[in-house]
Amino acid sequence: MTVVGACAAAMVMLAGTASAHVKVFADGAVAGQPATLKFRVPSELASVTTIRVDVALPKEVAATSFPPVEGWAHAQTQGGQDNLAHVVWTAEAGKEIKPDESRYFELGVGPLPAKPSLGFDVVQTYSDGTVVKWNEPEVGSKEPEFPSAVLVLDAAAVAAEKQAQAASGPEVAATSMPAAAEAGGDTWLVWVLTGVAALAVVTALGVIVRTRRKAS
C-alpha cells in the first residue's frame, strides 16, 4: 500500500483539482445544536476509483445517526493512534467513486461545541492501494496541499483568527530561529560567522575603492 504525501500525490493527481478537495457542509449548523454533516469526497486520481472513506471525529463531536449511502457500508470504530472515533464507509463492488466524480456521505451528530470551526481529518483509499490523508491544518491565508475538511460555525471569528495568524507571522519566524539553531548544533554559528566575514570583506573593498578614487 502506498501512502501519498503532499509532494508525491501532487504529481499523480489530475490537473486543476485543487478546488475539489474533501469538504464538509452542514446546513444551518450552530454551536450547541445537533446537525447533519455532509462530506463531499471527490475521486481525484485519473485511472483508479475511491473505495474507502475514513472520517475522524473531533473529541467534542459524537455520531448519532448514519443515513444510508447507496452501495456503501458504514462502520464506526474507536481508538487507534489518534484515540478518536472514526466513521468508515466502504464501497461495494461496482459502486466506487469513479475518476472526476464525487459522492456525499451524511452523518448525524449531537450538539456541536462552541468553537469557530471544526476540523475533520479524512483518509481516502483508492482501488490501487493509494492512500491520501486530508489532515493538514490551514494556517493563515495559504491553503495547504491536503487540508482537513473544515466546518465553519462562526465565519467572523474564523476570519479574525486568520488575520491574527497573518499578523503574528514575522514574530513566529523570529522566535523559531533559536530552536532551529539548537537542532542544527553549531551549524548556525558557522553561517553567522561566514556572513559577518563576507560583510567585512565587502566593507574593506569599499574603503579601498573610495581611497583610490580620492588619491586619483
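Sequence positions, counted from 1, serve as the residue numbers for this chain.
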Run the numbers on F120 and F39 for ring-ring contact (aromatic ring centres under 6.0 Å, His included), then give the verdict. CA-CA 10 Å; F120 296 83; F39 293 91; 5.4 Å; yes

List the steps and the verdict of side chain to side chain contact (heavy atoms under 4.5 Å, CB included) for V55 and W89. CA-CA 9 Å; V55 176; W89 287 273; 3.8 Å; yes

Worked verdict on V53 versus V88 for side chain to side chain contact (heavy atoms under 4.5 Å, CB included): CA-CA 6 Å; V53 177; V88 182; over 6 Å; no

T130 and V48: side chain to side chain contact (heavy atoms under 4.5 Å, CB included), yes or no, with the steps? CA-CA 9 Å; T130 297; V48 291; 5.8 Å; no

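Side-chain contact between P113 and L118: present, with at least one pair of heavy atoms (C-beta onward) separated by less than 4.5 Å. Using a 4.5 Å heavy-atom threshold, the side chains of D27 and K38 count as touching. Counting heavy atoms from C-beta on, the side chains of L84 and K59 come closer than 4.5 Å. Side-chain contact between V22 and P42 is present, with heavy atoms from C-beta onward closer than 4.5 Å. The closest side-chain heavy-atom distance from L57 to L107 is below 4.5 Å. With a 4.5 Å cut-off on side-chain heavy atoms, K133 and V123 count as touching. Contact of the L37 side chain with the V24 side chain is registered, since non-hydrogen atoms from C-beta on lie closer than 4.5 Å.
For Q124 and Y126, the side-chain atoms include at least one donor-acceptor pair closer than 3.5 Å. Between S148 and D121, the side chains place a donor N or O and an acceptor N or O closer than 3.5 Å (distance only, hydrogens not considered).
Summarising the geometry of R103 relative to K95, their closest heavy-atom pair is NH2-O, 4.1 Å, with the distance given to 0.1 Å. Nearest heavy-atom pair, K142 versus E138, reported as atom, atom and distance to 0.1 Å: O-CG, 3.8 Å. Of all non-hydrogen atoms in I97 and S43, the two that sit nearest each other are O-OG, 3.0 Å. Minimum interatomic distance between F66 and Q76 (heavy atoms only, all atoms of both residues): CZ-OE1, 3.3 Å. Across all non-hydrogen atoms, the minimal contact from E44 to H21 is OE2-N, 3.6 Å. In terms of heavy-atom proximity, F25 sits nearest to L151 at C-CD1, 4.1 Å.
Residue K23 holds its NZ atom at 9.0 Å from CH2 of W134, rounded to the nearest 0.5 Å.
Taking T77 as the reference, H86 meet the side chain to side chain contact (heavy atoms under 4.5 Å, CB included) condition, with sequence neighbours excluded.
Using a cut-off of 4.0 Å between Lys/Arg side-chain N and Asp/Glu carboxylate O, K115 and D154 are scored as not salt-bridged.
Follow the hydrophobic side-chain contacts under 4.5 Å out from W72 and you never reach I51; the two are in separate clusters. Clustering ILVMFWY residues whenever any of their side-chain heavy atoms sit less than 4.5 angstrom apart, transitively, puts V158 in a cluster other than the one holding L112.
Remark: the backbone N or O of P99 is not paired with any side-chain donor or acceptor of E101 at under 3.5 angstrom. Within the 3.5 Å criterion, the main-chain N or O of G108 finds no donor-acceptor partner in the side chain of T36.
Residue Q78 places its CD atom among more than 12 non-hydrogen atoms of other residues, nucleotides or ligands, all under 6.0 Å distant.
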